[in-house]
Number of protein chains: 2
Amino acid sequence: MAASGKEESNDVVAVNSSSNPTTESSNNGSISGFDSLHRLLQASLSPHLFQEVSRLLLGLNCGTAVDAVELPEPARWLSEKHDFDLQAFVFRAEKESCREPRIVRVGLIQNSIALPTTAPFLEQKPAIFQKLTPIIDAAGTAGVNILCLQEAWMMPFAFCTREKRWCEFAEPIDGESTQFLQEFAKKYNMVVISPILERDVKHGETIWNTCVIIGNHGNVIGKHRKNHIPRVGDFNESTYYMEGNTGHPVFETAYGKIAVNICYGRHHPLNWLAFGLNGAEIVFNPSATVGELSEPMWPIEARNAAIANSYFVASINRVGTEIFPNAFTSGDGKPEHTDFGHFYGSSHFSSPDASCTPSLSRHRDGLIVSDMDLNLCRQLKDKWGFRMTARYEMYADLLSCYVKPGFEPQVISDPLLHKNGS
Amino acid sequence: MAASGKEESNDVVAVNSSSNPTTESSNNGSISGFDSLHRLLQASLSPHLFQEVSRLLLGLNCGTAVDAVELPEPARWLSEKHDFDLQAFVFRAEKESCREPRIVRVGLIQNSIALPTTAPFLEQKPAIFQKLTPIIDAAGTAGVNILCLQEAWMMPFAFCTREKRWCEFAEPIDGESTQFLQEFAKKYNMVVISPILERDVKHGETIWNTCVIIGNHGNVIGKHRKNHIPRVGDFNESTYYMEGNTGHPVFETAYGKIAVNICYGRHHPLNWLAFGLNGAEIVFNPSATVGELSEPMWPIEARNAAIANSYFVASINRVGTEIFPNAFTSGDGKPEHTDFGHFYGSSHFSSPDASCTPSLSRHRDGLIVSDMDLNLCRQLKDKWGFRMTARYEMYADLLSCYVKPGFEPQVISDPLLHKNGS
């Protein structure tokens, strides 16, 4: 398929979620069929060994426990009827003497697109709305307080194509995708984070990669625009939109202080830090990323951010392989191709105590839910003292020097470096 | 043993490396007997599954490959005779058109102490010298170019005791430990990084946690003092030494630009960043950390630093359980005890391409060696573009505001927050 080019454009399909992932079609030989690392290890190891491996890999027993919980029957029924992965967990915290627990139920949805990318644009978005409805209903009936969808959830992730026509999917902040989700927010008294492709009509039709924060009464609280834009190989999203101009806002909602680090921003420790300095307790990372490029980095960056900043991280990645009508290159000398790769799902939560939940499927649509006591954030700050020991003054000075053209790195050279031929 | 207190001080022993780790004595029920996660999974999974798990866990197949290599016979003979773990790997990079490969062989040593902590101080340090000699010889005969020892390698990690008498182990930069290692540096044409407890005689006998950088001709190139000092629970190293005053130096050696992030500094993304901004190609993280506290964080922080900063990271942790004569508390309501916990070894290398080597044993002394082509650092910078997309100006401004007393976080509150009882 990798070299198929335009000849096969009549066969273009979206590879949707499937309960039989071994049948997946992919141009990527190293993408394997197993559903999730956690399930693979659980099925392969003895219970004792699995417990030890979990301690190291998921941080279980490291801090407080993360346990699986059962969701209400209507949510489970929706998951079976509509064939999406459903998992639920709880992160625990110490009981405090002066504060009540602040337990929040958070949900993340990952999904493949609903129609082939060749379908009329006017049909593709409503089809995604229709596909998402039972999954959002499952979240609502499960009592989710804060729900986050994946990056640019209302469209195929078409930025690999470099075709400007996909900009037609962009919407204003109060556009149809926001309106669609506002109804659920009101119905379920639920904060909803909606990452869309934004068209800023009042600023000359500028396109942005944006998250809309919808309050639990259906009101729009605000927005955040993606801070860091990937230019990886010849995949360059700045063909479509530039670096965001909204800083690092933290949104104070009915259920806690939240922020959104969109996709590629997860590679930037300073981006994570800034949301932490502004007081975030949960940072969402809605993403669209493919296996060959980033899969081993996926849990590392999220968990490191949670540990270093003493907040919860919620990671979401879309699933499936999206095939586009016209082939494009990848700047790597390999033949042109019609898909960006396999979006490996694997949505999950990371805790400030270094533990994390298992991940959703690498192949199927899914909803992952976790209860978390936000008191844990301050407990970890008090325990580890990273804020107190951070010496921010030193780094403010360093960065201020670094950005000047005349910056000289602090290098101590061995004076014998060029003696004796060494 | 946890509540043993002084009654058992005659029985005080150091739990040394052992090839039969199941006999380990520990007061920590969750520390298990297996040797390393990699070996456990390799022995438990089918070859096909192990390959898939390795792809995700070690980042193999993500970027370039990391393979095991065989070291010369004298090194293997020393490892068998003196019963220390010996592992060797190679990280590969793309062949460039305009630069030759810059392949460096790097070695890391982890070890337990040599004598009980009750032995006369004048005997403990020479016993460690004697114990380390065959391991350093193995590194030298294996052709290691840069060798790094563990944090405060020349003494027990006594900072949990709060007893000031352990300051007697401190030495000036040109003290006996430096002199001991200078001979090996000259003999093997090897850069040696020596993390010691430093006594700065010229500045009023001030104590520091310091790394001495010894050049491949045996000369002292310079030093770096630990930037971030832990105050975790009631474990407070600032009883002994304060935050370092040497900035973030990068040492230009015969074998590349190196830096040292000592122990607790690994929890600070800004510390890692600063060494990167100054041009480091390999950052060493000599540590002393115990299982219950940090083991699940250990590979995450190291690998995240390597990915985010496009350099190699070399992580070293001591091994064994060190038992002290006088019991001490831990500020957690549990009984006083005489050991800090099990130092879990697990020294390893992380690459900027997100791959990493397996780790040394969790129980035994060891030498891990890896060849790395330093050209990979720039290749990853060019591929991922993290530097280019980092927007350092924004963060210089943010940190400059943050450190001012009047800092106001960027918070957007839901205006409906206090309506309808939500």
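Heavy-atom basis, side chains included; hydrogens, waters and symmetry copies ignored. Just so we're clear, the structure is a prediction, and the values are computed from it rather than from any experiment.
- Between chain A and the options B:A390, B:G233, B:G215, the largest number of non-hydrogen pairs under 4.5 Å is found for B:A390.
- No part of B:D397 comes within reach of chain A, as not one of its non-hydrogen atoms sits under 4.5 angstrom from that chain.
- The list of salt bridge (charged side-chain N to carboxylate O under 4.0 Å, His left out) pairs with a residue in residues 37-51 of chain A, not counting sequence neighbours, reads A:D35-A:R39, A:R39-A:D85.
- Proximity to chain A is limited to the side chain of B:R387, based on heavy atoms less than 4.5 angstrom apart.
- For the residue pair B:I229 and A:T389, the shortest heavy atom distance occurs at O-CG2, 3.4 Å.
- At a 4.5 Å heavy-atom cutoff, the contact between A:N304 and chain B is made by backbone and side-chain atoms alike.
- Using a 30° and 60° split on the angle between ring planes, A:F386 and B:H268 fall in the perpendicular class, above 60°.
- At distances below 3.5 Å, at least one donor-acceptor pair connects side-chain atoms of B:Q410 with backbone N or O atoms of A:T246.
- With a threshold of 4.5 angstrom between heavy atoms, A:Y392 approaches chain B through its backbone and through its side chain.
- Pairing each heavy atom of A:A254 with each of B:L417, the nearest pair is N-CD1, 3.2 Å.
- Within the structure, every pair that satisfies the salt bridge (charged side-chain N to carboxylate O under 4.0 Å, His left out) test and touches residues 215-232 of chain A, not counting sequence neighbours, is listed here: A:E151-A:K226, A:E198-A:R225, A:D200-A:R225, A:K226-A:E237, A:R231-A:E243.
- Using a 4.5 Å cut-off between heavy atoms, B:L270 touches chain A through backbone and side chain atoms alike.
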